Student: 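Handing you a structure now.
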Amino acid sequence: MLYWIAQHLGFPGLLNLIRYQSFRTGAAVATALLIGLIIGPKFIGWLRVRQGKGQPIRADGPQTHLAKRGTPTMGGLMILTSVSLAMLLWMDLRNPFVWACAFVTLGFGAIGFLDDYDKVRKASTAGVPGRVRLLLEFLIAGVAAWIIMQENGSGLFLPFTNRYYIDLGYFYPLFAAFVIVSFGNAVNLTDGLDGLATMPVIIASVAFMVIVYLAGNVKFADYLGIPHVPRAGELAIFCGAVVGAGLAFLWYNAPPAAVFMGDTGSLALGGALGTMAVVAHHEIVLGIIGGLFVVEALSVIIQVFVYKRTGKRVFRMAPIHHHFEQLGWSEPTVVIRFWIISLVLALAGLSTLKLR
């Protein structure tokens with residue numbers, strides 16, 4: 001909105017700063033952070049009153065988690081509010097990538113909200129049936145993938161190569177939707193400890209802030225040998241909004257959490273990261289930067305697959321962060337060590353920009 005106003009005024013005086021994506025990215029971080037910190041206390045109080053007993057806790061989960069009963073969920077609404085307002089203020093709303101990202105983020109957030117609401121209402125951990133959730137997620141992701149494909153083609157670019165790609169043609173929307181849905185659910189599975197998913201999402205968002213900015217700049221993209229995606233740089237501002245909103249949420253989500261993100265936030269943020277990777281043609285690199293989320297999801301898949309066929313468990317409990325809790329690691333130890341792993345993986349993913 002501010003970009004549109006400044007543009008129609010000819011970017012006079014200080015408004016000339018709004019022309020620069022770097023300035024608007026920093027402004028989006030500050031805006032989302034400030035909004036999140038301001039609305040946090042009243043929002044959490046409202047959730048506590050409305051939800052009563054808060055998020056249901058798994059009876060078969062770690063016994064230390066039973067003390068978290070009564071903590072309100074759906075804190076992802078705080079994140080979505082902060083991100084949405086920062087987007088409206090600082091982004092160029094004529095950019096189709098902005099709308100694709102917003103569509104996935106808010107759409108996945110709505111699905112997560114329905115799931116959280118169903119769990120709270122029924123006082124059960126079941127929520128919306130998995131097949132229904134996946135169908136809705138693929139519909140939303142498919143629409144976004146089609147929009148993105150119209151703008152930047154259907155190529156799957158390979159890391160460590162100089163813009164070498166495989167043209168997936170009409171299969172690309174299906175592949176892109178799979179990436180978006182998979183990552184949304186991977187972040188959702190990771191959100192099991194206080195602050196565990198929030199900081200890795202922030203770290204991954206900072207990494208993709210760099211990637212989309214470079215991909216959107218023809219000179220940088222040509223120098224690095226990465227695919228140039230015109231107008232992708234605008235999503236750096238979206239990344240900034242996610243970083244600011246995530247930091248504000250972490251203020252209240254730090255152990256012991258005053259509020260849980262819930263599926264409302266984890267599905268939305270995971271879908272947003274997947275969408276940005278698709279826009280920048282860095283889907284494979286997403287698997288490196290977001291490797292922590294990939295491992296969390298794989299631990300569940302492996303556990304279920306092996307248990308159904310052999311009756312034995314590979315991990316003491318899945319997702320894998322619960323496995324380490326069962327080994328005797330305290331919750332803060334698991335969280336901080338996983339943050340360190342996430343940071344190392346993000347740096348490894350960024351290194352692929354030059355190793356070609």
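All values below come from the heavy atoms of this structure, side chains included, with hydrogens, waters and symmetry mates left out. Since we're looking at a predicted model, the values are computed, not measured.
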Student: Answer yes or no: is there a donor N or O on one side and an acceptor on the other, between the side chain of Asp194 and the main chain of Ala257, under 3.5 Å?
Tutor: yes

Student: Measuring from Trp46:CH2 to Leu77:CG, what's the distance to the nearest 0.5 Å?
Tutor: 7.0 Å

Student: Atom CD1 in Ile39, atom OG in Ser82: separation rounded to 0.5 Å?
Tutor: 4.5 Å

Student: For the residue pair Ser266 and Asn188, what are the closest heavy atoms and their distance?
Tutor: OG-ND2, 2.8 Å

Student: Are the side chain of Trp90 and the backbone of Ile237 linked by a donor-acceptor contact shorter than 3.5 Å?
Tutor: no

Student: Side chain of Tyr165, backbone of Ser154: donor and acceptor closer than 3.5 Å?
Tutor: no

Student: Are side-chain heavy atoms of Ile203 and Met199 found at a separation under 4.5 Å?
Tutor: yes

Student: Report the distance from atom CG of Leu267 to atom CG of Asp116, rounding to the nearest 0.5 Å.
Tutor: 8.5 Å

Student: Mind listing the closest non-hydrogen atom pair of Thr190 and Ala186 along with its distance?
Tutor: OG1-O, 2.9 Å

Student: Compare every heavy atom of Leu189 with every heavy atom of Pro319, then report the nearest pair and how far apart it is.
Tutor: CG-O, 3.5 Å

Student: Please round to the nearest 0.5 Å and tell me the distance separating atom CE of Met261 and atom CG of Asn253.
Tutor: 6.0 Å

Student: So, taking the atom named CD1 in Ile289 and the one named CG in Leu273, what distance separates them when rounded to the nearest 0.5 Å?
Tutor: 9.5 Å

Student: Backbone N or O of Val179 within a donor-acceptor pair of the Ser182 side chain at under 3.5 Å?
Tutor: no

Student: Quick check on ring-ring contact (aromatic ring centres under 6.0 Å, His included): which of His321, His322, His323 does Phe315 satisfy it with?
Tutor: His323

Student: Is any side-chain heavy atom of Asp167 less than 4.5 Å from a side-chain heavy atom of Leu156?
Tutor: no

Student: Donor-acceptor pair, Arg48 side chain versus Pro72 backbone, under 3.5 Å?
Tutor: no

Student: Considering only NZ, NE, NH1 and NH2 on the basic side and carboxylate oxygens on the acidic side, decide whether Asp222 and Lys219 come within less than 4.0 Å.
Tutor: no

Student: Can you list the steps and then say if Ile202 with Val242 is a side chain to side chain contact (heavy atoms under 4.5 Å, CB included)?
Tutor: CA-CA 7 Å; Ile202 292 171; Val242 171; 6.0 Å; no

Student: Indicate, with yes or no, if Leu350 and Phe293 share a hydrophobic cluster defined by side-chain heavy-atom contacts under 4.5 Å among Ile, Leu, Val, Met, Phe, Trp and Tyr.
Tutor: yes

Student: Would you call Asp92-Arg231 a salt bridge at under 4.0 Å N-O?
Tutor: no

Student: Measuring only between side-chain heavy atoms, which start at C-beta, is Phe249 closer than 4.5 Å to Val201?
Tutor: no

Student: Closest approach of Ala177 and Gly142, non-hydrogen atoms and distance?
Tutor: CB-N, 3.9 Å

Student: In terms of hydrophobic clustering (I, L, V, M, F, W, Y; side-chain heavy atoms under 4.5 Å; direct or indirect links), are Phe305 and Tyr307 co-clustered?
Tutor: no

Student: Going hydrophobic residue to hydrophobic residue with side-chain gaps under 4.5 angstrom, can you get from Val304 over to Val306?
Tutor: no

Student: Please answer whether the main-chain N or O of Ala215 pairs with a side-chain N or O of His228 as donor and acceptor at a distance below 3.5 Å.
Tutor: yes

Student: When you measure from the side chain of Trp339 to the backbone of Gly195, do you find a donor-acceptor pair of N or O atoms at a distance under 3.5 Å?
Tutor: yes

Student: Please give me the minimum heavy-atom distance between Met276 and Cys239, naming the atom from each residue.
Tutor: SD-SG, 3.0 Å

Student: Does the ring centre of Tyr164 sit less than 6.0 Å away from the ring centre of Phe157?
Tutor: no

Student: Verify the neighbour count for atom CZ of Phe175: are there more than 12 heavy atoms of other residues, nucleotides or ligands below 6.0 Å?
Tutor: yes

Student: Give the intermediate values and the outcome of side chain to side chain contact (heavy atoms under 4.5 Å, CB included) for residues Phe338 and Phe324.
Tutor: CA-CA 11 Å; Phe338 276 39; Phe324 288 105; 3.8 Å; yes

Student: I'd like to know if the side chain of His282 and the backbone of Ala280 have a donor-acceptor N/O pair within less than 3.5 Å.
Tutor: yes

Student: Under a 3.5 Å distance rule, please check whether His281 uses its side chain to pair with a backbone N or O of Asn152 as donor and acceptor.
Tutor: yes

Student: Does a side chain donor of either Thr333 or Ser330 reach within less than 3.5 Å of an acceptor in the other side chain?
Tutor: yes

Student: Who pairs with Asp191 by salt bridge (Lys or Arg N to Asp or Glu O under 4.0 Å), at least two apart in sequence or on another chain?
Tutor: none

Student: Should we count CH2 of Trp329 as having more than 12 external heavy atoms under 6.0 Å?
Tutor: yes

Student: Report the distance from atom OG1 of Thr161 to atom CG of Leu355, rounding to the nearest 0.5 Å.
Tutor: 12.0 Å

Student: Honestly curious: do Val218 and Tyr223 fall in one hydrophobic cluster under the side-chain, below-4.5 Å linking rule?
Tutor: no

Student: Which side-chain N or O atoms in residues 100-108 pair as donor and acceptor under 3.5 Å with protein atoms at least two apart or in another chain?
Tutor:
| residue | atom | partner | partner atom | Å |
| --- | --- | --- | --- | --- |
| Thr105 | OG1 | Cys101 | O | 2.8 |

Student: Is Arg316 salt-bridged to Glu325, going by a charged N under 4.0 Å from an acidic O?
Tutor: no

Student: Is there a donor-acceptor pair under 3.5 Å between the side chain of Thr264 and the backbone N or O of Met74?
Tutor: no

Student: With side chains defined as the heavy atoms from C-beta onward, is the minimum distance between Leu85 and Thr31 less than 4.5 Å?
Tutor: no

Student: Are Leu80 and Leu114 connected, step by step, through hydrophobic side chains (Ile, Leu, Val, Met, Phe, Trp, Tyr) whose heavy atoms are closer than 4.5 Å?
Tutor: no

Student: Which heavy atom of Ala232 sits nearest to which heavy atom of Val279, and what is that distance?
Tutor: CB-CG1, 4.0 Å

